[in-house]
Amino acid sequence: IMSAALSKDLKTKHNARSLPIRRDDEVTVARGNYKGNKGKVTTVYRKKNCVYIEKLTKNKANGAPYQIPLHPSSLVITKLKLDTDRLKLLKRKADGLATADA
């Protein structure tokens with residue numbers, strides 16, 4: 001539902017193009033005003049279809065900081081938080097690509 005592209009080295013390593021984004025993934029902003037910024041995903045807000053990154057904040061008029069919402073399609077995942085479910089998903093994706101190529 002809310003997928004982001006994988007970086008070039010992750011694409012070759014896992015044989016997948018994109019993955020659903022989740023908390024604690026490390027990402028780089030690829031498009032928009034904040035292009036080039038890096039950070040760790042703090043929140044994935046599915047209702048608003050946006051992602052919040054650790055160090056990307058702005059200040060309100062009263063000086064209070066707030067996080068900037070980013071669409072996941074404008075992000076590139078540079079480091080994955082791997083657990084058993086995610087490893088199974090990567091294996092299924094790689095197997096699907098292998099059968100499509102054959």
Side-chain angles (χ1 to χ4, degrees):
I1 292 175
M2 291 181 60
S3 295
L6 294 176
S7 64
K8 288 183 181 179
D9 57 328
L10 287 177
K11 275 184 197 176
T12 55
K13 182 180 177 184
H14 297 294
N15 198 15
R17 184 184 175 103
S18 63
L19 274 180
I21 198 160
R22 64 182 287 184
R23 205 168 125 235
D24 293 332
D25 283 347
E26 289 183 21
V27 296
T28 302
V29 182
R31 290 175 211 87
N33 294 336
Y34 304 99
K35 182 177 181 176
N37 286 309
K38 299 176 184 178
K40 190 181 275 193
V41 175
T42 56
T43 310
V44 177
Y45 203 143
R46 289 181 65 184
K47 188 173 182 181
K48 288 187 177 180
N49 207 26
C50 68
V51 174
Y52 296 106
I53 299 176
E54 207 168 58
K55 297 168 188 167
L56 263 180
T57 58
K58 269 183 140 182
N59 290 330
K60 295 199 280 189
N62 66 1
Y66 70 94
Q67 289 189 311
I68 298 163
L70 297 167
H71 196 270
S73 67
S74 66
L75 303 175
V76 173
I77 300 173
T78 54
K79 188 176 177 190
L80 292 168
K81 179 189 179 191
L82 291 173
D83 60 356
T84 55
D85 292 331
R86 211 138 192 223
L87 287 170
K88 287 178 187 176
L89 173 67
L90 283 167
K91 186 176 182 327
R92 280 198 317 267
K93 280 193 163 227
D95 291 345
L97 282 174
T99 57
D101 292 340

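Residue indices begin at 1 and follow the sequence shown. Heavy-atom basis, side chains included; hydrogens, waters and symmetry copies ignored.
Residues forming a side chain to side chain contact (heavy atoms under 4.5 Å, CB included) with A5 (at least two apart in sequence, or on another chain): none. Looking at residues two or more places apart in sequence or on another chain, you find no salt bridge (Lys or Arg N to Asp or Glu O under 4.0 Å) involving K38. Remark: K58 pairs with Y34, Y66, I68 by the side chain to side chain contact (heavy atoms under 4.5 Å, CB included) rule, at least two apart or across chains. Partners of R23 according to the side chain to side chain contact (heavy atoms under 4.5 Å, CB included) rule, which considers only residues two or more places apart in sequence or in another chain, do not exist here. Taking the salt bridge (Lys or Arg N to Asp or Glu O under 4.0 Å) definition, one finds that D83 meets it with R22, sequence neighbours left out. Listed by chain and residue number, K60, N62 satisfy the side chain to side chain contact (heavy atoms under 4.5 Å, CB included) test with A64 (two or more places apart in sequence, or in another chain). For K91, the side-chain hydrogen bond (donor to acceptor under 3.5 Å, both in side chains) partners two or more places apart in sequence, or in a different chain, are D95. For R86, the side-chain hydrogen bond (donor to acceptor under 3.5 Å, both in side chains) test picks out D25, with sequence neighbours left out. Scanning for salt bridge (Lys or Arg N to Asp or Glu O under 4.0 Å) contacts around R31 gives an empty result, with sequence neighbours left out. Partners of D9 under the side-chain hydrogen bond (donor to acceptor under 3.5 Å, both in side chains) rule, at least two apart in sequence or in another chain, are S7.
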Show which side-chain atoms of residues 70-78 pair as donor or acceptor with protein atoms under 3.5 Å away, not counting sequence neighbours.
from : atom 1 : to  : atom 2 : distance (Å)
H71  : ND1    : S73 : N      : 3.2
H71  : ND1    : S73 : OG     : 2.8
H71  : NE2    : N49 : ND2    : 3.1
S74  : OG     : H71 : O      : 2.8
T78  : OG1    : E26 : O      : 3.0

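Taking Ile, Leu, Val, Met, Phe, Trp and Tyr as members and joining any whose side-chain heavy atoms lie under 4.5 Å apart, directly or through other members, the hydrophobic cluster of Y45 also contains Y52.
Atom NZ of K11 has more than 12 heavy atoms from other residues, nucleotides or ligands within 6.0 Å.
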Q: Please lay out, stage by stage, how I53 and Q67 fare under the test side-chain contact (heavy atoms from CB on, under 4.5 Å).
A: CA-CA 7 Å; I53 299 176; Q67 289 189 311; over 6 Å; no

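At least one side-chain heavy atom of H14 sits under 4.5 Å from a side-chain heavy atom of L80.
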